[in-house]
Amino acid sequence: MGQGEAASSPAAEEKAAGGEEEEDDFGYRLFPDRNKKPQSFLVRSLFTFHNRCQLMLRMTLDTNPYAQLLLEAMKQSGCTVFNDRHFSCENCDGCVSGGFDSATSQIVLCQNNIRHQSHMNRVVTHELIHAFDHCRAHVDWFKNVKHLACSEIRAANLSGDCTLMNEIARFKFGLKGHHQTCVRDRAIRSILAVRKVSKETAEKAVDEVFDACFNDLEPFGRIPHSKTDAKRAYRDFQNRDRYNANL
């Protein structure tokens with residue numbers, strides 16, 4: 001399971017040599033509601049978290065240019081996203097805000113951890129990038145850590161996770177190469193949160209694919225450092241499609 005917006009990395013180190021390696025649950029432990037029987041609409045409607053999550057999700061899908069571009073790109077790639085089918089507001093482990101369940105092609109939004117609209121915007125964008133990668137490429141999420149690393153790099157790079165304002169809010173400051181450092185660090189943390197691999201394995205996977213995946217800017221065509229950048233990217237994407245349609 002792909003994961004975004006981890007507040008901290010759970011213990012994901014391999015057991016010491018000679019010990020039996022713990023079976024990997026591919027991050028599903030962080031999303032306990034995945035294994036529960038779905039509740040009725042009446043029951044779910046009684047919980048404020050769920051209602052708030054649904055309202056914020058609708059606001060993101062209707063108004064956020066990052067999400068709107070990704071939804072349009074997925075539709076054109078043959079992977080139309082439907083709100084009721086492809087998004088699920090659930091309670092999650094305290095360290096995560098969202099995840100992409102490739103087994104069901106569903107984005108999980110952690111209703112107990114997402115409390116602000118700006119946070120919802122970022123989580124939805126992050127997970128839609130994973131969904132876009134799942135749609136356009138044969139991603140081996142469970143067995144090929146390099147594939148996971150590539151999508152995590154792209155999600156951190158293009159979703160706004162590493163904007164200057166977000167980094168300042170985390171009390172992280174830097175100059176040259178700071179954006180790349182943030183993308184690398186967040187990609188490594190995301191891998192460790194959902195895979196039982198050593199930190200060295202995660203770092204190696206990220207470093208081996210970093211340049212290629214960092215420079216893969218589809219479908220934005222640029223790194224959107226702000227909503228203004230995302231709006232421009234969305235307009236460029238629409239104009240590109242109109243141009244191609246006239247060829």
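Just so it is clear, the model here is predicted, and its values are computed rather than measured.
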Residues H86 and T80: closest non-hydrogen pair is CE1-O, 3.5 Å
Aromatic centroids of H147 and H138 separated by under 6.0 Å: no
**OP:** Report the C-alpha separation of L61 and F87 in whole Å, then their side-chain angles, then the decisive distance to 0.1 Å, and conclude whether the side chain to side chain contact (heavy atoms under 4.5 Å, CB included) test is met.
**Re:** CA-CA 11 Å; L61 299 181; F87 293 94; 3.9 Å; yes
Of all heavy-atom pairs linking L217 and R222, the shortest is CD1-CA, 3.7 Å
Q.
With side-chain hydrogen bond (donor to acceptor under 3.5 Å, both in side chains) as the criterion, how do S97 and N113 come out once you've worked through the C-alpha distance, each side chain's angles and the decisive distance to 0.1 Å?
A. CA-CA 6 Å; S97 299; N113 295 332; 5.5 Å; no
When rounded to the nearest 0.5 Å, the distance separating CD of Q68 from NZ of K231 is 9.5 Å
Side-chain ion pair, R136 and D216, N-O less than 4.0 Å: yes
Rounded to the nearest 0.5 angstrom, the OG-CD distance for S190 and E152 is 4.0 Å
Taking every heavy atom of V209 against every heavy atom of A149, the minimum-distance pair comes out as CG2-CB, 4.1 Å
*Does the side chain to side chain contact (heavy atoms under 4.5 Å, CB included) test come out yes or no for K199 and L192, once each step is laid out?*
CA-CA 7 Å; K199 185 176 181 181; L192 291 176; 4.1 Å; yes
Disulfide bond (SG atoms under 2.5 Å apart) pairs touching residues 96-128, sequence neighbours excluded, are C92-C110
Would you indicate whether the side-chain heavy atoms of L69 and P219 approach each other to under 4.5 Å? yes
Distance col, row Y66:OH vs L71:CG, nearest 0.5 angstrom, shows 15.0 Å
Disulfide bond (SG atoms under 2.5 Å apart) pairs touching residues 56-85, sequence neighbours excluded, are C79-C135
- Message: With side chain to side chain contact (heavy atoms under 4.5 Å, CB included) as the criterion, how do M120 and C53 come out once you've worked through the C-alpha distance, each side chain's angles and the decisive distance to 0.1 Å?
- Response: CA-CA 8 Å; M120 175 65 79; C53 178; 3.9 Å; yes
* In plain terms, say whether R189 and D185 are close enough for a salt bridge, that is, a side-chain N and a carboxylate O under 4.0 Å apart. => no
dist N64:CG -> M56:CE (nearest 0.5 Å) comes out at 13.0 Å
Subject >> Validation row: I153, R184 side chains within 4.5 angstrom (heavy atoms) >> reply: no
Open item on the list: Determine whether H50 and Q111 satisfy the following criterion, side-chain hydrogen bond (donor to acceptor under 3.5 Å, both in side chains), listing intermediate values before the conclusion.
Closed with: CA-CA 6 Å; H50 189 81; Q111 60 193 19; 3.0 Å; yes
Which word best sums up how the rings of W141 and H134 line up, parallel for under 30°, tilted for 30 to 60°, or perpendicular for over 60°?
tilted
Take L70 and F220, measure what side chain to side chain contact (heavy atoms under 4.5 Å, CB included) needs, and give me the verdict at the end.
CA-CA 8 Å; L70 285 160; F220 291 90; 4.0 Å; yes
Heavy atoms of S105 and R85 approach each other most closely as O-NH1, 4.0 Å
Do F132 and E218 touch side chain to side chain, with heavy atoms closer than 4.5 Å?
yes
- prompt: Mind checking whether V124 and I107 have side chains closer than 4.5 Å, heavy atoms only?
  reply: no
When rounded to the nearest 0.5 Å, the distance separating CG of L55 from CD of Q117 is 9.0 Å
When every non-hydrogen atom of D229 is compared with those of I223, the smallest separation belongs to OD2-O, 4.0 Å
Using the rule given for side-chain hydrogen bond (donor to acceptor under 3.5 Å, both in side chains), can you reason through Q76 versus E72, listing the C-alpha separation, both sets of side-chain angles and the distance that settles it, and then say yes or no? CA-CA 6 Å; Q76 293 193 16; E72 184 66 25; 3.2 Å; yes
If we only count heavy atoms from C-beta on, is the H119 to R115 side-chain gap below 4.5 Å? no
task = Report yes or no: do V81 and M59 belong to one cluster of Ile/Leu/Val/Met/Phe/Trp/Tyr joined by side chain heavy-atom distances under 4.5 Å?
result = no
In short, V197 meets I191 closest at the heavy-atom pair CG2-CG2, 4.1 Å
Handout entry: H130 and H126 aromatic ring geometry - parallel, tilted or perpendicular at 30°/60° bounds
Key = perpendicular
Q. Any Lys/Arg nitrogen of K146 or D140 sitting under 4.0 Å from an Asp/Glu carboxylate oxygen of the other?
A. no
Between the CG atom in D211 and the CD atom in Q180, the distance rounded to the nearest 0.5 Å is 9.5 Å
